[in-house]
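The chains referred to below are lettered A, B, ... by the order of the sequence lines, with proteins before strands, and numbering in each begins at 1.
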There are 4 protein chains.
Amino acid sequence: MILTAQREDKFRRILDAAVEAFAEVGYHQCQVSKIARLAGVADGTIYLYFKNKEDILIRLFQERMGDFIRDIRNLLQGRETTRARLMTIIETHFRNMEENLSLAKVTQLELRQSDLKIRTAINAPLKEYFRLIEEVIRSGIERGELAPVDVRIARQLIFGALDEATTDWIMARTKRSLLSESEEMLYLFEGALGLAREPRPRAGRGANPQRTADVSGKMNAGEGARA
Amino acid sequence: MILTAQREDKFRRILDAAVEAFAEVGYHQCQVSKIARLAGVADGTIYLYFKNKEDILIRLFQERMGDFIRDIRNLLQGRETTRARLMTIIETHFRNMEENLSLAKVTQLELRQSDLKIRTAINAPLKEYFRLIEEVIRSGIERGELAPVDVRIARQLIFGALDEATTDWIMARTKRSLLSESEEMLYLFEGALGLAREPRPRAGRGANPQRTADVSGKMNAGEGARA
Amino acid sequence: MILTAQREDKFRRILDAAVEAFAEVGYHQCQVSKIARLAGVADGTIYLYFKNKEDILIRLFQERMGDFIRDIRNLLQGRETTRARLMTIIETHFRNMEENLSLAKVTQLELRQSDLKIRTAINAPLKEYFRLIEEVIRSGIERGELAPVDVRIARQLIFGALDEATTDWIMARTKRSLLSESEEMLYLFEGALGLAREPRPRAGRGANPQRTADVSGKMNAGEGARA
Amino acid sequence: MILTAQREDKFRRILDAAVEAFAEVGYHQCQVSKIARLAGVADGTIYLYFKNKEDILIRLFQERMGDFIRDIRNLLQGRETTRARLMTIIETHFRNMEENLSLAKVTQLELRQSDLKIRTAINAPLKEYFRLIEEVIRSGIERGELAPVDVRIARQLIFGALDEATTDWIMARTKRSLLSESEEMLYLFEGALGLAREPRPRAGRGANPQRTADVSGKMNAGEGARA
DNA sequence: AATGAATGAGGGTTCATTCAT
DNA sequence: CATGAATGAACCCTCATTCAT
């Protein structure tokens with residue numbers, strides 16, 4: 001195992017190629033040779049850097065999820081209030097997905113395809129993300145900003161909502177912005193967690209419930225539902 | 001093509017066998033011959049009832065999801081308040097999963113493995129569920145019971161939270177009851193949707209945030225995280 | 001085994017259906033259920049009349065070839081000269097094929113698909129046809145009408161030429177008449193067998209070799225060649 | 001994709017193996033793994049060189065037929081008279097078959113099994129052979145050596161006779177030489193095409209029609225007829 | 001380290017045939 | 001006799017992985 005810059009580069013090229021390839025055709029449909037082609041290496045070279053196809057998916061997730069958690073941890077340093085922290089999580093989650101559509105597709109769709117072995121390997125970084133969310137909730141409770149909710153269940157709600165919103169967004173044909181949902185999502189979280197609510201940021205929201213009704217009047221046809 | 005009770009029975013036996021088989025080894029790892037063996041029919045018989053392996057998964061979901069939605073719609077008939085309706089959704093969702101662990105595994109894990117074709121086929125029943133949730137939210141808003149939240153996003157929160165809680169429960173080794181989370185989940189939904197909160201049903205909850213801390217103190221090790 | 005008229009009818013319907021089915025999609029591609037459908041009987045019924053799929057092909061050939069030989073034998077009764085007899089063979093062969101395109105396709109194309117077992121079974125009727133041709137040649141030699149050619153090889157030439165002309169005709173897109181080749185074919189046979197040649201029946205043939213040249217100038221493109 | 005001698009060799013080994021395998025058990029009965037075994041390669045290797053099983057049959061024919069036509073064209077260069085040219089065609093056709101019994105079996109029996117797709121692919125080389133025969137006939141007519149016969153029909157007679165003689169020979173149990181029929185075949189062709197006949201080469205032929213009678217006296221039992 | 005030709009296990013699906021009704 | 005649902009053997013091909021160069 002050499003760790004030269006060159007090797008590091010090839011490792012990254014394969015990972016980048018894999019993201020694109022998985023996102024395009026799906027993990028199971030994706031042939032290793034396709035990744036090799038996109039990465040500009042020979043098929044066999046893949047196996048100098050990865051144990052097998054499964055390993056690519058796992059390392060991919062670990063790598064990107066690790067980056068994501070590092071980012072979010074850094075951003076949380078500067079956030080004092082629980083509201084600011086929640087907004088940071090929401091926005092970073094959404095922005096990360098929005099800026100990496102391919103990665104988002106893999107994360108939301110392909111990773112769930114994997115069998116038990118893969119999901120087990122994926123466990124660690126995901127657990128880290130869960131822990132991070134739970135820490136925000138717990139400290140919020142301790143500081144009296146949040147109601148004494150069940151931390152695990154509250155985390156399930158937060159992660160589940162962000163995750164579902166992302167999947168919805170990927171499945172939707174109309175490419176509305178995911179980030180634009182952040183404020184409404186924060187509003188819901190505030191209520192769920194018993195955080196004293198700020199006045200609604202969007203003017204006219206309270207005054208115009210019809211708009212909301214209209215939107216949902218579309219009945220989610222073709223958009224909200226996972227296609 | 002006969003449509004006798006006998007034929008109906010064989011169709012169901014194959015579907016039941018498929019649920020067990022997919023839950024046990026996963027869709028991709030599952031051989032058609034395994035389903036046939038479990039169903040007590042010949043391999044070829046499968047293809048008298050289903051177009052192909054994929055079709056089994058699709059029909060399976062459509063069938064069971066259809067039943068589920070029918071159940072939930074029936075129960076909602078007798079519920080007048082939005083709170084009661086939300087509780088019905090939560091409990092029916094959780095009970096359904098808890099009573100059909102194999103089905104839950106397929107729904108939560110295997111169905112997400114499927115490629116675009118399968119997910120498209122799955123779309124209709126899932127959309128129907130989304131619509132149902134959104135109808136409860138919308139009517140709650142119209143009746144003044146809920147704050148004028150964005151219906152689509154609120155639905156994402158509700159479905160996402162239920163879905164994530166279920167996945168968590170399946171992945172967890174310790175088989176705590178999923179249904180027992182219903183009340184806390186309802187409590188969070190109430191806050192999120194601006195529903196006037198009932199006093200916490202569980203005595204001591206507010207008084208004992210430590211319990212929550214304990215639970216999360218486990219840091220989700222091997223439980224909360226998707227293994 | 002009953003031999004009522006009804007049974008006889010069903011036997012024939014299956015055979016007729018098989019001719020059409022084999023001609024349309026080929027023996028190997030043809031499913032037994034297709035024959036059953038065309039014959040208006042159940043799949044299983046086929047097996048009351050035939051041992052298996054192979055048996056259908058064999059009986060089909062035996063039946064039709066038997067009819068054909070009976071026809072040709074009857075016609076030969078009234079033909080005294082070897083020339084007339086040869087013409088009878090040529091015309092009956094061509095007319096038979098032309099009037100039963102489906103049968104011709106099976107005979108020329110599908111029957112040659114069969115494995116050794118089928119060809120062995122087909123042997124008897126084909127041998128009978130060979131014998132018939134050889135008898136005409138032999139008696140022609142004995143009566144001094146033909147040169148003392150090798151009977152077997154002469155038969156190979158006659159059957160081979162008729163067979164190849166038929167295959168050519170089937171493969172050709174342009175549906176020129178096969179029967180119209182009879183006279184030229186007879187002319188060639190006369191020469192080959194040393195039969196005193198009649199003056200060319202087609203006026204201008206000898207005088208206009210260019211026409212022939214023109215025709216062949218087409219180089220057989222798309223017609224003569226087996227497509 | 002390397003095109004080294006090594007690769008060329010493997011291509012040829014597979015082709016050779018296929019000829020033997022097809023000849024032995026027939027195209028449809030022949031498993032790809034049998035070809036692989038005979039060729040000394042893995043099953044999957046076949047698919048590096050051929051698109052599928054069908055492709056093996058097609059390429060096989062194109063390859064060998066191409067060689068055959070090249071051979072015959074070369075030999076025809078040195079033949080001035082139409083008689084010599086006809087003899088070249090007859091002898092090369094017969095010798096080629098006799099020296100490659102397996103190939104002959106495939107050509108005469110298996111290739112006719114193929115469905116439309118295969119026969120279409122086979123068209124080109126076969127047409128080339130037809131064209132070659134027709135060129136000999138046409139130039140013979142132009143040079144006044146042959147009667148002004150219909151070129152296409154004459155070609156059908158020549159190819160049909162050679163083809164039928166070959167099939168006969170393959171189906172026969174007694175392995176008389178095919179090549180030994182060349183002279184009699186030429187004799188018949190001479191007559192058919194109006195070529196001034198040479199005196200019969202085999203002494204006693206005219207004098208001993210009994211030999212012919214004897215042969216045919218066998219009534220083709222098990223020999224002449226396609227078994 | 002890099003290559004890519006070679007490997008060969010593995011499985012979904014078809015369809016001729018059977019047999020209970 | 002007739003049916004047609006059920007059977008299950010059989011096989012082509014893919015593609016992740018290896019290894020000689």
[X] [atom1] - [N] [atom2] separation (whole Å):
X       : N      : atom1 : atom2 : answer
B:Phe50 : E:dT14 : CZ    : P     : 15 Å
A:Gln29 : F:dT14 : CD    : C1'   : 12 Å
C:Asp9  : F:dA2  : CG    : C1'   : 14 Å
B:Glu54 : E:dG11 : CD    : C1'   : 15 Å
D:Tyr27 : F:dC12 : OH    : C1'   : 10 Å
C:His28 : F:dC12 : NE2   : P     : 12 Å
C:Leu57 : E:dA16 : CG    : P     : 13 Å
B:Gln31 : E:dA9  : CD    : P     : 15 Å

Under 4.0 Å from OP1 or OP2 of F:dC19: is there any side-chain N or O of A:Tyr47 that close?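 No.
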What nucleotide among [options] has an atom nearest to a side-chain atom of [X]?
X       : options               : result
D:Leu48 : E:dA5, E:dG8, E:dT13  : E:dA5
D:Tyr49 : F:dG8, E:dA6, E:dA16  : E:dA6
D:Lys53 : F:dT17, F:dC13, E:dT3 : F:dC13
A:Asp43 : F:dA2, E:dA16, F:dT17 : F:dT17
C:Asn52 : F:dA6, E:dA2, E:dT17  : E:dT17

